[in-house]
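To start, the structure under review is shown below, and the notes come after it.
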Amino acid sequence: ACARPCPRSPSPRRCQETLKIRRKKPRRIAIFNHKGGVGKTTLTANIALALVKKSKRVLLVDSDPQCNLSTYLLDEATVDRELDASDSATGRTVWSAVKPVAAGRGDVKIVEPFEPRDGLFIVPGDIQLAEYENQLGDLWGECFQRRLHGFLGVAAFSTLVDKLDESYGFDFVLYDSGPNIGGLNRAIVMDCHEVVIPAACDRFSIRALRTLGNAIFRWIRDSSVLHGIAPDEAPVLRGRPKFGHYIPQRFKT
């Protein structure tokens with residue numbers, strides 16, 4: 001932990017320097033837009049494959065309940081089997097990992113990621129993440145009441161990535177997010193170093209970018225409050241994602 005007091009936080013452990021040390025590796029990127037059909041999943045998969053070709057080790061976290069990224073990279077039989085087994089002791093989906101926290105019965109379960117390519121790993125998505133999304137609003141509220149359970153629940157994805165990185169050693173983590181501005185995407189984006197925004201070339205997308213920017217601004221503002229009030233034993237998200245890039249689709253319009 002950083003030994004220097006931070007004037008912006010009542011606890012030295014919550015200063016930005018400490019958070020930088022904790023989150024130095026791997027680099028976490030969210031491919032995010034709350035509008036559907038802009039190429040999030042396709043971009044996530046192909047950016048990951050390009051990084052692997054550069055000899056980087058990449059973890060993909062399929063955080064979309066539709067599981068499109070999992071279906072893109074794993075065969076159908078594997079996806080069906082894992083979805084059927086996600087509530088069991090042998091489950092390997094994202095829901096299998098966060099279920100103990102969501103149920104208030106324990107810590108994040110470490111699941112073994114799949115490796116569809118050398119150096120490319122994925123934790124499959126799960127339709128039951130929709131249930132977890134419903135809980136995250138309440139868990140976010142518990143954080144402002146300084147309840148440890150709230151912080152553990154909000155940071156569950158982040159904790160899973162931390163623990164997997166200890167075992168596998170990743171250079172990059174890419175989250176594939178669903179098309180909404182909800183608690184699940186808030187927890188993901190606030191865990192990342194940067195956000196990359198794919199966009200379609202139409203009036204709706206341009207209008208939607210303002211809504212997206214306002215939402216991320218509110219999340220950052222709220223996260224800065226939580227850094228100051230979090231109990232010392234509570235996990236906290238970075239809460240300061242940088243804007244990476246826009247990636248416009250090159251449609252003729």
Side-chain angles (χ1 to χ4, degrees), residues 26-33 36-102 108-133 136 156-180 182 184-185 187-189 191-192 195-196 198 247 249:
R27 188 162 189 80
R28 305 174 192 218
I29 302 172
I31 312 295
F32 176 55
N33 193 331
V38 292
K40 294 187 295 293
T41 299
T42 304
L43 282 167
T44 302
N46 283 283
I47 290 172
L49 289 167
L51 288 168
V52 168
K53 287 182 179 179
K54 296 288 187 180
S55 300
K56 304 298 183 182
R57 292 173 64 81
V58 181
L59 173 66
L60 294 173
V61 181
D62 190 353
S63 50
D64 185 352
Q66 298 181 72
C67 310
N68 289 331
L69 183 64
S70 303
T71 306
Y72 194 90
L73 291 171
L74 303 174
D75 64 83
E76 186 176 350
T78 298
V79 174
D80 288 343
R81 182 183 70 245
E82 293 307 318
L83 290 176
D84 289 341
S86 64
D87 276 322
S88 70
T90 60
R92 295 171 65 181
T93 71
V94 175
W95 169 248
S96 306
V98 303
K99 181 183 176 181
V101 179
V108 171
K109 171 188 170 183
I110 305 305
V111 296
E112 181 184 355
F114 290 84
E115 190 176 5
R117 305 283 192 280
D118 288 343
L120 178 65
F121 300 80
I122 181 171
V123 181
D126 197 310
I127 192 171
Q128 293 191 81
L129 285 177
E131 178 181 337
Y132 183 54
E133 170 117 45
L136 277 169
F157 274 40
S158 179
T159 302
L160 173 63
V161 169
D162 285 342
K163 292 186 175 182
L164 289 177
D165 181 55
E166 290 176 2
S167 299
Y168 294 89
F170 302 113
D171 298 294
F172 290 89
V173 175
L174 301 181
Y175 287 101
D176 184 34
S177 58
N180 65 73
L184 187 57
N185 283 335
I188 290 165
V189 172
D191 184 46
C192 288
V195 183
V196 174
I247 303 181
Q249 296 182 356

Distance-only criterion, 3.5 Å: show the donor-acceptor pairs between side-chain atoms of residues 52-59 and protein atoms not counting sequence neighbours.
{"unit_1": "Arg57", "atom_1": "NE", "unit_2": "Tyr168", "atom_2": "O", "d": "3.1"}
{"unit_1": "Arg57", "atom_1": "NE", "unit_2": "Gly169", "atom_2": "O", "d": "3.1"}
{"unit_1": "Arg57", "atom_1": "NH2", "unit_2": "Tyr168", "atom_2": "O", "d": "3.0"}

| For Val196 and Ile29, what are the C-alpha separation, side-chain angles and deciding distance, and is it a side-chain contact (heavy atoms from CB on, under 4.5 Å)? | CA-CA 7 Å; Val196 174; Ile29 302 172; 3.8 Å; yes
| request: With rounding to the nearest 0.5 Å, note down the distance linking OG in Ser70 to CG in Asp176. | output: 8.5 Å
| query | Could you give all pairs that pass the salt bridge (charged side-chain N to carboxylate O under 4.0 Å, His left out) test and reach residues 71-91, with sequence neighbours left out? | reply | Asp87-Lys99
| Going from CD1 on Ile247 to CD1 on Ile47, what distance comes out if it is rounded to the nearest 0.5 angstrom? | 4.5 Å
| message | Does the plane of the ring in Phe157 sit parallel, tilted or perpendicular to the ring in Tyr132? Use 30° and 60° as the thresholds. | response | parallel
| field | Over all atoms of both residues, closest heavy-atom pair of Pro198 and Leu43 | value | CB-CD1, 3.5 Å
| field | Backbone of Val94 reached by a side-chain donor or acceptor of Asp126 within 3.5 Å | value | no
| Which heavy atom in Pro113 sits nearest to a heavy atom in Arg92, and how many Å separate them? | O-NH2, 3.4 Å
| field | Note, Leu69 side chain near Asp64 side chain (heavy atom, < 4.5 Å) | value | no
| Does CD1 in Ile127 sit with more than 12 non-hydrogen atoms of other residues, nucleotides or ligands closer than 6.0 Å? | no
| field | Test side-chain contact (heavy atoms from CB on, under 4.5 Å) applied to Val61 and Val161, Ile122, Leu160, the passing residue | value | Val161
| Contact summary for Lys109 and Gly91, nearest pair of heavy atoms | NZ-O, 3.2 Å
| message | Could you tell me if the side chain of Val79 sits less than 4.5 Å from the side chain of Pro124, heavy atoms only? | response | no
| Looking just at side-chain N and O atoms, do Thr44 and Thr41 make a donor-acceptor pair shorter than 3.5 Å? | no
| Are Leu60 and Leu120 close enough that some pair of their side-chain heavy atoms sits under 4.5 Å apart? | yes
| query | To the nearest 0.5 Å, what is the distance between CG (Asn68) and CG (Leu73)? | reply | 11.0 Å
| query | How long is the span from the CD atom in Glu112 to the OG atom in Ser96, to the nearest 0.5 Å? | reply | 12.5 Å
| Which atom names give the shortest non-hydrogen contact between Cys192 and Arg28, and what distance separates them? | CB-O, 3.4 Å
| said: Side chains of Tyr175 and Asp191: any donor to acceptor distance under 3.5 Å? | reply: yes
| query | Side chains of Asn180 and Glu133: does their closest heavy-atom pair fall under 4.5 Å? | reply | yes
| note | Rounding to 0.5 Å, atoms CG (Leu51) and CG (Asn46) come to a distance of 11.0 Å
| note | In this structure, CG of Asn185 is separated from OG of Ser63 (nearest 0.5 Å) by 6.5 Å
| query | Do the non-hydrogen side-chain atoms of Trp95 and Leu83 ever get within less than 4.5 Å of each other? | reply | no
| Of the non-hydrogen atoms in Leu164 and Val111, which two are nearest, and what is the gap between them? | CD2-O, 3.2 Å
| message | Run Ile188 and Phe32 through side-chain contact (heavy atoms from CB on, under 4.5 Å) and show every step you take. | response | CA-CA 10 Å; Ile188 290 165; Phe32 176 55; over 6 Å; no
